[in-house]
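All remarks here apply to the structure that follows.
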Amino acid sequence: MKMLDTIRKSGNKKNADFFEQVYNIVRLIPRGRVTSYGAIAKALGSAKSSRMVGYAMNASHLAQPHVPAQRVVNRKGMLTGKHHFGSPDAMQKLLEADGVKVKDDCVVDFEKLFWDPMKEIG
DNA sequence: CGATTGACGTACG
DNA sequence: TCGTACGCCAATC
């Protein structure tokens, strides 16, 4: 499904291009699965803009509908952004609610649960 | 308009 | 194997 293509065309507005794309991809993440900032950045064609993905996530709480930001972690599978949630434990709780086990701020079986955006987009 | 920062990632020691 | 340094690109100061 070339969803990103649609996303890109629909979100070609000057503002909200990168952010919107990030949000859309994150919203595509199935329940019980996770992905990384770098993977999203790469999926958007800006592999070197992984930091921007994280930056976009910082404002993800403003996006509508809700963006499951808890399903996005760094390449190590660590919950680096947990501190940006309401509570430091909110992210882990949300992940556990999705069926993702978290141990020591790290996603268990991260590689197995890893969801590749390119797989859905490409 | 230049400098600083950041929910990352890769390279290097 | 672990810790530190740097690059990337957009937003904020």
Side-chain angles (χ1 to χ4, degrees):
Chain A
M1 180 190 293
K2 298 179 181 177
M3 196 171 293
L4 181 62
D5 193 51
T6 303
I7 294 170
R8 278 175 177 160
K9 291 188 176 180
S10 355
N12 63 5
K13 294 182 179 180
K14 188 171 70 167
N15 67 347
D17 49 348
F18 198 92
F19 280 37
E20 287 289 328
Q21 290 175 36
V22 172
Y23 299 153
N24 274 290
I25 290 179
V26 174
R27 284 193 280 252
L28 291 177
I29 302 173
R31 176 183 167 284
R33 303 293 296 280
V34 294
T35 190
S36 67
Y37 303 94
I40 294 172
K42 191 170 185 178
L44 292 176
S46 299
K48 298 170 183 175
S49 302
S50 54
R51 306 185 77 164
M52 299 304 94
V53 177
Y55 197 90
M57 301 312 294
N58 192 348
S60 64
H61 68 101
L62 301 173
Q64 294 298 336
H66 174 252
V67 177
Q70 74 277 10
R71 294 173 190 166
V72 183
V73 296
N74 68 354
R75 82 167 190 88
K76 304 173 197 170
M78 297 179 70
L79 280 55
T80 52
K82 71 172 193 171
H83 195 71
H84 289 263
F85 285 72
S87 292
D89 298 335
M91 189 173 184
Q92 179 171 337
K93 276 207 138 189
L94 288 168
L95 282 172
E96 289 177 345
D98 283 348
V100 177
K101 294 180 181 177
V102 178
K103 170 131 189 167
D104 193 27
D105 297 340
C106 227
V107 174
V108 179
D109 294 330
F110 172 66
E111 295 181 359
K112 287 178 65 178
L113 298 175
F114 183 78
W115 178 83
D116 190 351
M118 294 296 279
K119 191 173 179 182
E120 292 292 322
I121 296 164

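No hydrogens, no waters, no symmetry mates; every other heavy atom, side chains included, goes into these values. Proteins come first, then strands; the chains are lettered A, B, ... in the order of their sequence lines, and each starts at number 1.
Each of A/F18, A/Y55, A/Y37 was scored for a side-chain contact (heavy atoms from CB on, under 4.5 Å) with A/S49, with one residue passing: A/F18.
A straight line from CG of A/N74 to P of B/dG6 spans 17 Å, rounded to a whole angstrom. Atom C1' of nucleotide B/dG9 and atom OH of A/Y37 are separated by 13 Å, given to the nearest angstrom. The interatomic distance linking A/R75 (CZ) with B/dT10 (C1') rounds to 8 Å, in whole Å.
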A/T35/A/D116 under side chain to side chain contact (heavy atoms under 4.5 Å, CB included): CA gap, chis, key distance, verdict = CA-CA 6 Å; A/T35 190; A/D116 190 351; 5.9 Å; no
In sequence, state the C-alpha distance, the side-chain angles, and the governing distance for A/R71 and A/R31, and then conclude on side chain to side chain contact (heavy atoms under 4.5 Å, CB included).
-> CA-CA 8 Å; A/R71 294 173 190 166; A/R31 176 183 167 284; 3.9 Å; yes
Any chance you could lay out the side chain to side chain contact (heavy atoms under 4.5 Å, CB included) test for A/V72 and A/V22, step after step, and finish with the verdict?
-> CA-CA 10 Å; A/V72 183; A/V22 172; over 6 Å; no
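Residues A/V102 and A/V34 fall within the same hydrophobic cluster, defined by Ile, Leu, Val, Met, Phe, Trp and Tyr side chains chained together at heavy-atom separations under 4.5 Å. Hydrophobic clustering (side-chain heavy atoms under 4.5 Å, transitive across Ile, Leu, Val, Met, Phe, Trp, Tyr) groups A/M57 together with A/L44.
At the heavy-atom level, A/A56 lies nowhere under 4.0 Å from the strands shown.
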Could I get a table of every N or O pair under 3.5 Å where one atom is in the protein and the other is in nucleotides 7-10 of chain C?
{"residue": "C/dG7", "atom": "O6", "partner": "A/R51", "partner atom": "NH1", "Å": "2.9"}
{"residue": "C/dC8", "atom": "N3", "partner": "A/R51", "partner atom": "NH1", "Å": "3.2"}

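In this structure, A/H61 places its NE2 atom where more than 12 heavy-atom neighbours from other residues, nucleotides or ligands lie under 6.0 Å away.
Within residues 79-97 of chain A, no residue approaches DNA chain C, by heavy-atom distance under 4.0 Å.
The two residues A/A39 and A/F114 come nearest to each other via the heavy atoms CB-CZ, 3.7 Å.
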